[in-house]
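The next block holds one structure in the form of structure tokens; read it before the comments.
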Protein chains: 6
Amino acid sequence: MRPLEIEFLRRPLAYDGTQIGPLWAYREFGRQGDSLIAFVGRCAIPAKHMIDQEDVRRGARIASPKMLHFIAEHFDTPPDLEKAVLRQRVFSTLVHEELRARGAEGIRREGDDLYTPREEKLSISVATATPVSTKFHFGINVIRARGVGVKTAGLRDLGIDPAPFAEALLEAYRREMEGVLDARTRARGAL
Amino acid sequence: MRPLEIEFLRRPLAYDGTQIGPLWAYREFGRQGDSLIAFVGRCAIPAKHMIDQEDVRRGARIASPKMLHFIAEHFDTPPDLEKAVLRQRVFSTLVHEELRARGAEGIRREGDDLYTPREEKLSISVATATPVSTKFHFGINVIRARGVGVKTAGLRDLGIDPAPFAEALLEAYRREMEGVLDARTRARGAL
Amino acid sequence: MRPLEIEFLRRPLAYDGTQIGPLWAYREFGRQGDSLIAFVGRCAIPAKHMIDQEDVRRGARIASPKMLHFIAEHFDTPPDLEKAVLRQRVFSTLVHEELRARGAEGIRREGDDLYTPREEKLSISVATATPVSTKFHFGINVIRARGVGVKTAGLRDLGIDPAPFAEALLEAYRREMEGVLDARTRARGAL
Amino acid sequence: MRPLEIEFLRRPLAYDGTQIGPLWAYREFGRQGDSLIAFVGRCAIPAKHMIDQEDVRRGARIASPKMLHFIAEHFDTPPDLEKAVLRQRVFSTLVHEELRARGAEGIRREGDDLYTPREEKLSISVATATPVSTKFHFGINVIRARGVGVKTAGLRDLGIDPAPFAEALLEAYRREMEGVLDARTRARGAL
Amino acid sequence: MRPLEIEFLRRPLAYDGTQIGPLWAYREFGRQGDSLIAFVGRCAIPAKHMIDQEDVRRGARIASPKMLHFIAEHFDTPPDLEKAVLRQRVFSTLVHEELRARGAEGIRREGDDLYTPREEKLSISVATATPVSTKFHFGINVIRARGVGVKTAGLRDLGIDPAPFAEALLEAYRREMEGVLDARTRARGAL
Amino acid sequence: MRPLEIEFLRRPLAYDGTQIGPLWAYREFGRQGDSLIAFVGRCAIPAKHMIDQEDVRRGARIASPKMLHFIAEHFDTPPDLEKAVLRQRVFSTLVHEELRARGAEGIRREGDDLYTPREEKLSISVATATPVSTKFHFGINVIRARGVGVKTAGLRDLGIDPAPFAEALLEAYRREMEGVLDARTRARGAL
């Protein structure tokens with residue numbers, strides 16, 4: 001079973017919020033079906049593409065000079081936002097674990113957010129539903145962002161190279177989703 | 001918002017597989033709605049109550065002299081086994097994290113299983129669906145089990161006291177589920 | 001368990017059909033999660049914001065000089081229009097009951113519409129689904145509307161003060177939804 | 001559109017809890033598809049057929065010498081207990097309304113329960129899900145029950161003849177479900 | 001039970017991709033609920049109305065001078081794209097069968113596509129989900145299309161008159177959907 | 001993408017209705033995930049294992065001395081009987097097509113039933129839902145059955161060898177399900 005297409009895009013790509021739309025991985029890269037795509041690039045999300053309405057409410061500026069981005073899409077039938085959020089949580093724990101494996105000590109995870117021991121925010125994330133799929137975006141700073149209202153840090157501050165880090169996470173998430181598929185095809189129901 | 005009832009049962013209780021049935025927490029303890037209940041007790045699951053059909057296939061013996069058990073129930077509408085498995089995965093990462101926070105180094109998680117650095121199995125877990133809810137059981141040895149076909153270890157080997165460990169996990173899972181609820185009530189869809 | 005945020009907005013607010021969009025209560029008032037919000041204001045829905053395609057088909061004019069509005073949102077996973085309509089029906093019966101409790105005799109309910117004994121239409125209502133939630137709008141005239149193609153009446157004609165009437169309905173719907181949650185977390189399945 | 005088969009069984013039938021099982025109306029009477037069947041008969045539900053686990057918990061005795069019973073089944077895809085409860089609530093309000101229309105003053109509805117002004121319980125009800133459908137049972141005493149732990153009253157005390165009362169409710173529920181179907185096939189989504 | 005409204009529109013109508021939108025049959029023709037509508041007309045779908053992202057990716061030109069079109073809508077709750085695709089497949093086999101019944105030998109079906117023995121493409125089709133329903137479009141050339149990148153053929157080449165062919169398919173699909181409804185209201189679950 | 005495990009069991013196996021239960025293919029043959037398994041053997045289904053309640057109602061005898069059986073299981077989340085029936089219909093058309101390809105002329109399909117030109121019944125079929133999956137059974141006589149209340153025929157009468165026929169159908173269904181998966185991961189929604 002191969003539940004997930006994965007790819008680390010070698011060329012830089014700016015994240016502007018349109019990549020959270022349905023079928024982006026297929027339209028842009030021919031990656032069809034459930035997928036997790038990673039790439040490095042600037043982040044700047046105009047208000048009209050913001051998914052999290054808390055960001056909209058408080059007039060947040062979501063931006064970073066250089067981020068490692070992950071875009072996941074799952075073709076749930078029917079699409080169900082709760083599954084997207086649960087998968088986003090699972091992915092967040094994988095990022096947490098992978099940071100630790102590469103020597104970043106004392107990182108704290110709170111929901112889908114990661115913080116350094118100095119309470120610098122490392123990441124942003126959002127999950128959403130489309131009429132045909134569910135998706136999440138997870139971005140982790142490579143270079144720290146300024147002027148976004150909170151202290152931030154990036155992979156560079158942690159001495160972590162984005163490319164192998166991304167590759168490891170793509171593999172880890174694929175393995176995890178294979179495990180989920182395995183578990184849900186081995187269990188009988190209870191009455 | 002309080003999405004989850006939690007309770008650590010002070011008196012010991014043997015896990016025999018019937019607790020995975022729907023509405024157990026309500027019927028036995030009056031804990032109504034989504035819940036996570038923890039208790040300490042023997043584990044012995046007869047084949048007819050085994051949920052995981054891989055265990056049934058290989059004639060597994062699932063037993064432990066003393067385990068810390070967690071039983072979660074979520075009243076999904078409609079019930080969806082994939083959500084149960086995703087929540088089980090999230091819970092497994094919380095257990096992993098909590099072991100680390102209490103000084104257990106080098107624990108490895110693989111899906112819903114936890115292993116010591118010496119490849120001793122610490123835990124068992126299964127997720128299932130009922131017509132009215134989804135559930136998971138997660139058990140972690142307090143005392144190591146023998147005669148179950150694999151090397152095992154327990155919390156005692158790790159120097160961890162089950163009660164405060166359980167209390168911390170109940171709180172952590174409640175916080176996590178609150179976070180999931182928060183995330184899925186803040187996001188607009190993508191089109 | 002607290003399944004529903006409720007609020008009666010003290011300042012007037014015109015209903016123009018945009019309030020049926022997802023996350024309105026959160027974006028505008030910080031009311032997160034399932035909610036029922038009431039307010040008093042003019043009603044004028046341009047065709048492009050009409051949800052009911054029968055209104056669109058017959059070129060209906062949906063307008064009222066002063067209405068008491070209710071906007072409900074439920075974060076069903078997955079969203080399901082049938083649930084929205086069923087909840088809308090339940091709410092309609094609560095309005096019917098509350099009118100009677102305040103002395104309005106002989107009101108007739110037909111689906112989600114309420115009529116006086118003289119066949120004057122008191123209310124409008126529609127239910128819809130968004131990618132992340134289900135919603136309904138229920139509006140009851142405070143002052144009768146003219147030029148909308150049917151005879152109408154309003155709370156003023158019935159001698160009913162909108163504010164306490166709204167407060168009573170907010171509480172009644174919250175209690176009802178608590179009851180629904182209670183019922184669906186007490187029942188085992190049947191096979 | 002005819003969303004619902006209805007029938008009032010002319011011969012008496014005892015309710016013992018097995019009628020809540022899936023496809024009862026089809027198996028017993030050839031009524032296929034969504035249906036509401038009414039009949040008059042004794043009520044005695046042994047513990048093993050009780051659906052409501054609160055009844056099981058408190059060792060309730062659910063019995064009545066003569067009740068008017070209604071059994072609804074809806075072939076939801078997928079089955080969803082919340083819909084069953086919402087429909088049960090709608091049906092309860094129809095019973096409430098029909099009692100009033102036949103001269104029973106001051107009846108109080110609380111969730112799916114109906115009480116006389118003297119706080120005598122008139123009815124019992126439960127909703128459940130099966131792997132292929134959702135169902136509810138609603139029973140209203142014809143003759144008051146004794147020895148069930150609460151004061152009760154029945155249709156006879158209210159001077160109401162069960163047969164025409166049942167026929168009116170079957171029609172009212174069918175009309176209501178037609179209205180629900182009508183509403184959910186006229187509304188566009190909101191984005 | 002009457003699960004499906006059917007109609008063959010006597011006047012020609014061009015298909016431009018907007019007919020795949022929700023509630024088209026109701027808004028345009030008052031056909032409410034599940035429906036299958038057939039009509040004959042030109043086909044030209046601008047890129048912005050293309051549903052199939054493979055067509056968008058490869059810059060396909062989807063056009064035909066004269067096609068027999070079918071538009072199906074089903075009010076699934078919740079909407080589920082997989083059901084739409086499964087129904088589209090069933091419809092494709094009915095078209096295949098009806099071509100054969102009218103003397104067209106050696107037609108090959110591959111998924112939702114039909115080819116003549118000379119590998120000329122006869123048809124186009126797509127399925128999609130809306131927030132309130134699922135839909136599919138199936139178009140079969142009456143006159144062969146040119147300049148669309150593949151060899152094509154049409155009903156005229158096969159000597160088949162579109163009108164009775166359409167009428168037969170409308171009836172066949174209605175019968176098929178009645179059969180599906182029948183089958184899903186006769187089966188008990190398995191545990 | 002490989003959505004389906006397929007296998008033709010070389011040794012005979014009697015079908016007694018227990019094979020329609022969840023996870024049979026995994027438990028018995030280690031075939032995990034969505035699957036279609038074929039085998040040849042006697043058919044005799046005791047009443048307590050009958051899924052179709054019409055068979056139960058009319059006291060049907062479901063039996064055949066030698067049948068070619070197919071058991072499909074799909075791990076839908078959530079399980080939805082309508083999908084099972086739609087897949088069963090698609091499979092029936094594949095069987096129909098494959099009979100024709102092997103020279104059986106004039107076979108008639110009606111829903112999930114196949115008849116020879118002499119109105120002899122060739123097949124039986126049923127679809128069902130479990131708490132964790134949906135399933136269907138399709139059996140086609142190899143040797144004609146007697147004493148089952150209808151005239152029957154079998155593959156032997158048609159001069160068709162069961163083994164290659166089964167292999168062709170396993171491949172055809174796998175290809176079809178791949179096509180469904182392909183179609184539902186290429187389409188955007190419509191609004």
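All chains are named by letter (A, B, ...) in the order of the sequence lines, taking the proteins before the strands, and each is independently numbered beginning at 1. The shown structure was predicted, so the numbers you read here are calculated from the model rather than taken from an experiment.
The contact between A/Met50 and chain B is made entirely by backbone atoms, counting heavy-atom distances below 4.5 Å. Contact of A/Glu110 with chain B is not made at all, since no heavy-atom distance falls under 4.5 Å. Contact of B/Arg109 with chain A is made through the side chain alone, with heavy-atom distances under 4.5 Å. Only the side chain of B/Asp80 comes within less than 4.5 Å of a heavy atom of chain A; its backbone N, CA, C and O stay farther away. Looking at A/Leu23, there are no atoms closer than 4.5 Å to chain B (heavy atoms on both sides), in backbone or side chain. With a threshold of 4.5 angstrom between heavy atoms, A/Arg100 approaches chain B through side-chain atoms but not through N, CA, C or O.
Among all heavy-atom pairs drawn from A/Gly189 and B/Ile51, the shortest one is O-CD1, 4.0 Å. Taking both residues in full, the closest heavy atoms of A/Ala190 and B/Gly21 are given as CB-CA, 4.4 Å, listed atom of the first, atom of the second, then distance.
In terms of heavy-atom pairs under 4.5 angstrom with chain B, the leader among A/Thr128, A/Asp112, A/Asp55, A/Leu94 is A/Thr128. In terms of non-hydrogen atom pairs under 4.5 Å with chain A, the most contact-rich of B/Val126, B/Ile20, B/Thr130, B/Asp76 is B/Thr130. Here B/Glu82 is the residue among B/Glu82, B/Glu54, B/Lys135 with the most heavy-atom pairs under 4.5 Å with chain A. Contact count against chain B (heavy-atom pairs under 4.5 Å) is highest for A/Arg186 among A/Glu97, A/Arg175, A/Arg186, A/Gln88. The candidate from A/Gly111, A/Gly179, A/Ala187 with the greatest count of non-hydrogen atom pairs under 4.5 Å with chain B is A/Ala187. Looking only at heavy-atom pairs under 4.5 Å with chain B, the residue among A/His96, A/Met177, A/Gln53, A/Arg87 that has the most is A/Gln53.
Checked options A/Val180, A/Leu86, A/Thr93; the residue passing with B/Arg89 is A/Val180 (criterion: side chain to side chain contact (heavy atoms under 4.5 Å, CB included)).
Other residues, nucleotides and ligands contribute only 12 or fewer heavy atoms inside 6.0 Å of the NZ atom of A/Lys66. Atom CZ of A/Arg42 is surrounded by 12 or fewer heavy atoms from other residues, nucleotides or ligands within 6.0 Å. Atom CZ of A/Arg10 is surrounded by more than 12 heavy atoms from other residues, nucleotides or ligands within 6.0 Å. For A/Arg11, the CZ atom counts as loosely surrounded, since its 6.0 Å shell holds 12 or fewer non-hydrogen atoms of other residues, nucleotides or ligands.
With a 4.5 Å cut-off on side-chain heavy atoms, A/Leu191 and B/Pro131 count as touching.
A search for side-chain contact (heavy atoms from CB on, under 4.5 Å) contacts involving A/Arg118 returns A/Thr116, A/Glu120, not counting sequence neighbours.
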